[in-house]
Participant: 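I'd like to ask you about the structure that follows.
Whatever order the structure lists them in is the order used to number ligands and atoms, beginning at 1.
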Amino acid sequence: MSLPKVYVCFSIQEAGLAVLRGNVDFEMWESDGTAPKDILLKKLADAEGAIVGHVKVDEEFLDAAPNLKVVSNFGVGYDNIDVPAASKRGVCVTNTPGVLTEATADLGFSLILASARRLMEANVFLRSGEWNTWNAELMVGVDVYGATVGIVGLGQIGQAVARRAKGFGMKILYCGDNRKPEAEASLGAKYVSLDELLRESDFVSLHCPLNDKTRGLIGERELKMMKKTAILINIARGAVVDQKALFRACSEKWIYGAGLDVFECEPVPLDEPLLNLKNVTTLPHIGSASRASRDGMASCAASNLVAALQGKRPANLVNPEVWRV
Ligand code: 8YV
């Protein structure tokens, strides 16, 4: 019996390949980055499954893949995928929650510390030979211990950041669509409105998915509500924040600064004005980039894909409405 054909749009870790071998007939883009669009669309012609990452799965993608049964996203956020369009065609969409929670929270908390204590700026200061003397105000930053963190979206990653914050004696506020009584009890987190969170927090940390409700959630109005001493952390999706407004907020000192792992456009163009600001710490979307996390994502993405192609309900099905047995 022939195995279902699968296209893997970028090179994934051995942990994922081991799951695919013997279960599907797969081809993978072996070069750096992601398969270019023209090649990708051709490869999809006979694919029943695809593993995607930073790939837009839209009508064009789906049109090119008439036999597609499953799109397995290598990542927890799936704003790159037009889920209603996939569902309309009966295509399963899956993602990789859980395996990346702690690594992503580690990175989020690193950004809190790095932005507050000016780590990147201090590193450049030293290496560029500016450290010629000592004075009592040298690289003085913001206190983390005992400060208030506002978590926008207390999902798995938001809660993991909150656990770290608890260890730093921080007061935890959160907002979101639903109250989380268990998290409130275990973390001592207080449910507030977004406006109250913005007004009260020393660190505003974004953990919501990108969708129609959250696109541009943090704009000029919201940034102006934040404390002048507050820092915005974004490890969710760039488009949750109005980047132009954030530039004004950081350059005109409406807020103290920002720590960003994500941008509206990725890779971020080097002429992005935010990159010139000392009070903005920037990273190339590496939230989940730890060994265990990336191996876990590869294996999870592959397992979801294989399950769907074997007629078993994938563990992380995003659109359960397509699953009829
Ligand atoms: C990934 C992420 O690096 O899981 C997510 O939502 O943002 C990151 O872990 C990226 O999406 C890879 O596709």
Side-chain angles (χ1 to χ4, degrees), residues 6-13 15-17 20 28-29 31-37 40 49-58 61 70-83 86 93-111 151-161 176 205-211 213-215 217 233-241 243 259-268 282-305 314-319:
V6 164
Y7 191 62
V8 184
C9 302
F10 56 98
S11 294
I12 64 167
Q13 286 76 7
L17 300 180
L20 297 181
M28 180 167 78
W29 177 253
S31 307
D32 196 24
T34 300
K37 195 164 174 185
L40 173 64
I51 296 186
V52 302
H54 287 248
V55 172
K56 218 173 168 36
V57 178
D58 52 11
F61 180 108
V70 54
V71 175
S72 171
N73 196 46
F74 185 98
V76 64
Y78 48 85
D79 47 283
N80 53 316
I81 301 177
D82 183 343
V83 178
V93 176
T94 63
N95 69 342
T96 63
V99 289
L100 46 64
T101 301
E102 301 301 341
T104 307
D106 283 344
L107 198 278
F109 213 82
S110 305
L111 268 179
I151 311 264
V152 178
L154 197 66
Q156 289 195 53
I157 297 171
Q159 289 185 34
V161 169
S205 195
L206 304 178
H207 302 284
C208 50
L210 176 64
N211 54 38
K213 267 175 73 182
T214 60
R215 190 175 296 278
L217 182 73
I233 303 295
N234 191 4
I235 61 165
R237 286 292 182 267
V240 173
V241 178
Q243 225 163 262
L260 308 173
D261 186 39
V262 289
F263 298 87
E264 277 173 6
C265 169
E266 295 181 4
V268 65
T282 51
L283 300 175
H285 199 152
I286 54 169
S288 62
S290 78
R291 185 72 279 140
S293 173
R294 285 289 160 85
D295 288 348
M297 289 163 77
S299 136
C300 180
S303 303
N304 284 330
L305 175 116
N316 310 111
L317 185 60
V318 164
N319 53 349

Participant: Closest non-hydrogen protein atom to atom 2 (C) of ligand 1, residue and atom name please, with distance?
Facilitator: His285 NE2, 3.5 Å
Participant: For Leu100, counting its heavy atoms only, list the atoms of ligand 1 lying under 4.0 Å from any of them.
Facilitator: 4 (O), 9 (O)
Participant: Which atoms of ligand 1 are found less than 4.0 Å from any heavy atom of Met297?
Facilitator: 9 (O)
Participant: Taking the side chain from Glu264 and the backbone from Ala239, do they hold a donor-acceptor pair closer than 3.5 Å?
Facilitator: no
Participant: Which protein heavy atom lies closest to atom 8 (C) of ligand 1, and at what distance to 0.1 Å?
Facilitator: Ser288 OG, 3.5 Å
Participant: So is Phe74 polar-close to ligand 1, meaning N/O to N/O under 3.5 Å?
Facilitator: yes
Participant: Let me know which of Ile81, Val83, Asp82 forms a side chain to side chain contact (heavy atoms under 4.5 Å, CB included) with Val57.
Facilitator: Ile81
Participant: Just to verify, which of Leu305, Leu317, Asn304 counts as forming a side chain to side chain contact (heavy atoms under 4.5 Å, CB included) with Val70?
Facilitator: Leu305
Participant: Could you check Asn73, Ile12, Leu100 and say which one makes a side chain to side chain contact (heavy atoms under 4.5 Å, CB included) with Met297?
Facilitator: Leu100
Participant: Which atoms of ligand 1 are found less than 4.0 Å from any heavy atom of Arg237?
Facilitator: 2 (C), 5 (C), 6 (O), 7 (O), 11 (O)
Participant: What protein heavy atom sits nearest atom 10 (C) of ligand 1, and how far off is it?
Facilitator: His54 NE2, 3.4 Å
Participant: Is the side chain of Asp79 donor-acceptor paired with the backbone N or O of Leu210 at a distance under 3.5 Å, no angle test?
Facilitator: no
Participant: At less than 4.0 angstrom from any non-hydrogen atom of Gly75, what atoms of ligand 1 do you find?
Facilitator: 4 (O), 5 (C)
Participant: Among Asn95, Thr104, Asn316, whose side chain to side chain contact (heavy atoms under 4.5 Å, CB included) with Val76 holds?
Facilitator: Asn95
Participant: Taking non-hydrogen atoms only, is Arg294 closer than 4.0 angstrom to ligand 1 via side chain, backbone, both or neither?
Facilitator: side chain
Participant: Are Leu107 and Leu283 close enough, and set up right, to give a side-chain contact (heavy atoms from CB on, under 4.5 Å), and what steps lead you there?
Facilitator: CA-CA 10 Å; Leu107 198 278; Leu283 300 175; 3.8 Å; yes
Participant: Taking distance alone, with no angle check, do Gly77 and ligand 1 share an N/O pair under 3.5 Å?
Facilitator: yes
Participant: For Gly53, counting its heavy atoms only, list the atoms of ligand 1 lying under 4.0 Å from any of them.
Facilitator: 13 (O)
Participant: Should Lys56 and Asn80 be marked as a side-chain contact (heavy atoms from CB on, under 4.5 Å) after you check the CA-CA gap, both sets of side-chain angles, and the distance that decides it?
Facilitator: CA-CA 5 Å; Lys56 218 173 168 36; Asn80 53 316; 5.5 Å; no
Participant: Which heavy atom of the protein is the closest neighbour of atom 5 (C) of ligand 1, given with residue, atom name and distance?
Facilitator: Val76 N, 3.4 Å
